[in-house]
Amino acid sequence: MSKYKAKIGLEMHCEISKTNTKLFSGAQNTYTEHANTCVRPVDMAFPGTLPVLNKEAVRLSLMTSMILGCKQPEYMYFERKNYYYPDLPKGYQITQETKPIPVGIYGSVTFECEGTLKTVRVNNIHLEEDAASLDHYYNTSNIDYNRAGVPLLELVTEPDFHSAEEAVAFLEHMRSVYQYANISDADTKKGQIRCDVNVSIMDESLDENNPENWGTKVEIKNVNSFGGVKDAINYEIKRQIELKETGEYDKMEQQTRRWDEESGTTKFMRSKVDAIDYKYFVEPNIPKFKLDPKWLEEIKKSIPRLALERKQEYQNTYGLSNYDATVLVKEREVADYFENCIQLGIEPKIASNWVSGNILGEVNKEGISIQDFYLTPAMLKQIIDPLQKGIISSKQAKEIFQKSITEKKEPKTMISTENAQISDEKELLEIITSILEKNSSQIEEYKNGRTNLFDYFVGQVMKETRGKANPVKTKELLTKELSK
Ligand code: ADP
Ligand code: MG
């Protein structure tokens, strides 16, 4: 690939799954296997029905626009994109065109790819309705309207990616953003993320900042998994290089292809000349409306801390390794659990080890979310505190952890402080100091040569702690205190 450079642009669709209802109807916005159970007449385009815009969907799309550093519009408006397909009952999709301005334009995304930060430009982000879905059977196809009208965000990047790895790292980053900001579950298994991938190649020696030097792009439609995106890009780069070598690439028309998962190849669909004319016009049933600057300000303030920011904090403030921090921020619930531990006073490194080790191990084994894990951060503290004080050994700590989650009992009920040793230096020192304060004449005598009084002081500490003081530590501390 040394002679050529790939230019890749993504059109990433993500369903907003965190609204109660759909974009233009009161039907539930939930994912279910039961076809046609979340449907209202609007979703099936019954005559006489009219769309009512969902304010929460607008709020979440504006929040996404802000996270991407985009410019927000003064007015919101929608447009009709006209085409015929069985999954589109109205015969048009309500969407936003890029002019004058959709929910966001001209932003950027900074994400991590193979350990380094990379920034790509966002051309625009727009809000639209999802189409219904078709279920194909042996000799028939059924339409499921559950997806019809689900709010959908389409994010269009500039062609700033140069490899499949960068494109996938970006998608993973955006999935995390959608999850952290509570906009979407962004679950590829539920088809909530879908991508169109645009690929071209250009001579490595030419200036990529000049669009005139770009090659002719090929758009690959509807790639539904991140693995698919990676394979489709790599396949397409290889195919285009082969065309370049035979001189055919430069004669090629702009074209749309589709990713064929089974064969692992892209297949020709149509060329630019057969491009569909969508006959866009302003959606007359949703009058444009002004966005209140105060509302925009409120939305901006409510953006939560996202994964990359938290990860940098874990590394810079808590001194965690890149690897540990990555594990902790992978899911927001895990990061929240970890931060709860810190708030309770558990040392970050210790909390990190427990969370990414024992706790995630159990959570994954049980196949549950960490939110539903029996052992809360407060209960974890009940194990870590006595462990650090030397009351229990690390072997005992692991046993208590296991027993607590199997028997659903709080760890503190399993640690008998009655018989436990006091090994905590601070605690011992407090006891020793108070004993020495009460025995000033004995200290005099001790310092004047009655060294056998040392055992008397040890005895006093034992008496005070009913024999629980760690004898080795007690003697160590006493020697130090008496030599002062
Ligand atoms: P269209 O008018 O065909 O929709 P756009 O200019 O709107 O094309 O771009 C759509 C997507 O294609 C964007 O993600 C953009 O980054 C990408 N793109 C545009 N030109 C190229 C190119 N030469 N190579 C790769 N991707 C491209
Ligand atoms: Mg376009």
Side-chain angles (χ1 to χ4, degrees), residues 1 4-14 64-65 68 70 79 81-83 93 95-109 111 118-126 128 152-171 173-174 193-223 229-230 232-241 243-244 248-259 266 268-280:
M1 204 13 227
Y4 306 108
K5 177 179 263 182
K7 297 282 285 171
I8 303 156
L10 294 175
E11 294 164 85
M12 177 190 194
H13 291 87
C14 182
T64 311
S65 164
L68 302 176
C70 286
E79 261 171 284
K81 180 178 180 178
N82 298 281
Y83 65 96
Q93 178 194 30
T95 179
Q96 296 187 298
E97 252 280 76
T98 45
K99 287 184 193 97
I101 167 167
V103 79
I105 48 163
Y106 308 145
S108 68
V109 179
F111 60 99
K118 155 118 193 126
T119 301
V120 298
R121 292 166 299 158
V122 171
N123 176 280
N124 76 83
I125 178 151
H126 53 269
E128 58 192 21
L152 188 67
L153 281 171
E154 178 174 348
L155 190 174
V156 182
T157 78
E158 296 296 346
D160 291 347
F161 304 97
H162 298 112
S163 68
E165 287 69 30
E166 284 180 5
V168 171
F170 167 86
L171 293 173
H173 172 88
M174 280 312 301
I193 296 180
R194 297 176 313 260
C195 283
D196 298 336
V197 184
N198 301 272
V199 183
S200 67
I201 53 168
M202 60 177 281
D203 285 346
E204 169 96 276
S205 58
L206 297 175
D207 177 15
E208 68 166 307
N209 293 316
N210 182 357
E212 276 175 22
N213 292 331
W214 297 354
T216 308
K217 72 160 189 177
V218 167
E219 177 171 1
I220 310 156
K221 281 275 177 206
N222 263 313
V223 196
V229 169
K230 182 170 159 238
I233 291 174
N234 284 332
Y235 174 83
E236 196 53 35
I237 292 174
K238 200 167 145 260
R239 193 184 71 85
Q240 291 182 16
I241 290 175
L243 289 176
K244 192 97 179 175
E248 283 168 77
Y249 183 78
D250 296 319
K251 287 185 250 158
M252 186 183 75
E253 287 262 3
Q254 194 173 308
Q255 58 179 264
T256 303
R257 301 176 75 88
R258 68 177 177 84
W259 173 239
T266 61
F268 181 84
M269 278 171 79
R270 58 177 179 259
S271 130
K272 178 97 177 171
V273 276
D274 308 315
I276 304 160
D277 178 3
Y278 293 115
K279 300 186 174 70
Y280 282 98

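Both counts, for ligands and for their atoms, begin at 1 and track the order of listing. In what follows, residues are counted from 1 in the order of the sequence shown.
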Participant: Please could you name the atoms of ligand 1 that Ser200 approaches to less than 4.0 Å, counting only its heavy atoms?
Facilitator: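 So the answer, numbered in order with elements, is 22 (C), 23 (N), 24 (N), 25 (C).
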
Participant: Please determine if Lys217 has a nitrogen or oxygen closer than 3.5 Å to a nitrogen or oxygen of ligand 1.
Facilitator: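 Yes - when backbone and side-chain N and O of Lys217 are compared with those of ligand 1, one distance drops under 3.5 Å.
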
Participant: Below 30° counts as parallel, above 60° as perpendicular, anything between as tilted: where do the rings of His173 and Phe111 land?
Facilitator: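 Because their plane-to-plane angle lies in the 30° to 60° range, the rings of His173 and Phe111 count as tilted.
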
Participant: Show which atoms of ligand 1 fall inside a sub-4.0 Å distance from at least one heavy-atom site of Gly215.
Facilitator: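 So the atoms of ligand 1 that pass are 23 (N).
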
Participant: Can you list the atoms of ligand 1 that are under 4.0 Å from a heavy atom of Gly9?
Facilitator: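 Those atoms are 14 (O), 16 (O), 26 (N).
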
Participant: Examine the proximity of ligand 1 to Val156 and report which part, side chain or backbone, both or neither, has a heavy atom under 4.0 Å away.
Facilitator: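 Only the side chain of Val156 comes within reach of ligand 1.
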
Participant: With atoms numbered from 1 as shown, which atoms in ligand 1 lie under 4.0 angstrom from a non-hydrogen atom of Gln254?
Facilitator: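 The list of qualifying atoms is 3 (O).
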
Participant: If hydrogens are left out, which of Asn213, Val197, Asn198 has an atom nearest to atom 26 (N) of ligand 1, that is, the closest non-hydrogen atom?
Facilitator: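 Answer by nearest heavy atom: Asn198.
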
Participant: Report yes if some heavy atom in the side chain of Asp196 is under 4.5 Å from a heavy atom in the side chain of His13; otherwise report no.
Facilitator: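 With C-beta onward as the side chain, the pair touches.
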
Participant: Under 4.0 Å, heavy-atom basis, I'd like to know which part of Glu219 is in contact with ligand 1: side chain, backbone, both or neither.
Facilitator: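 Neither; no heavy atom under 4.0 Å.
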
Participant: Taking 4.0 angstrom as the limit, do Glu219 and Lys221 come out as a salt bridge?
Facilitator: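 Salt bridge flag = yes for Lys221 with Glu219.
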
Participant: Begin with the C-alpha distance, continue with both residues' side-chain angles, and end with the deciding distance and a verdict on side chain to side chain contact (heavy atoms under 4.5 Å, CB included) for Thr157 and Met12.
Facilitator: CA-CA 8 Å; Thr157 78; Met12 177 190 194; over 6 Å; no

Participant: Ligand 1 versus Asp196, non-hydrogen atoms closer than 4.0 Å: side chain, backbone, both, neither?
Facilitator: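 Near ligand 1, Asp196 shows nothing, with every heavy atom at 4.0 Å or more.
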
Participant: Could you pull out the closest heavy-atom pair between Thr216 and Tyr249, with the gap in Å?
Facilitator: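 What the structure gives for the nearest pair is O-OH, 2.9 Å.
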
Participant: Please give me the minimum heavy-atom distance between Gly215 and Met202, naming the atom from each residue.
Facilitator: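 Result for this residue pair: N-CB, 4.2 Å.
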
Participant: May I ask you to say whether Arg239 pairs ionically with Glu236, meaning some side-chain N is under 4.0 Å from a carboxylate O?
Facilitator: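 Salt bridge present between Arg239 and Glu236.
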
Participant: Short N/O distance, under 3.5 Å, between Trp214 and ligand 1?
Facilitator: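 Between Trp214 and ligand 1 (N or O atoms, distance only) the closest approach is not under 3.5 Å.
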
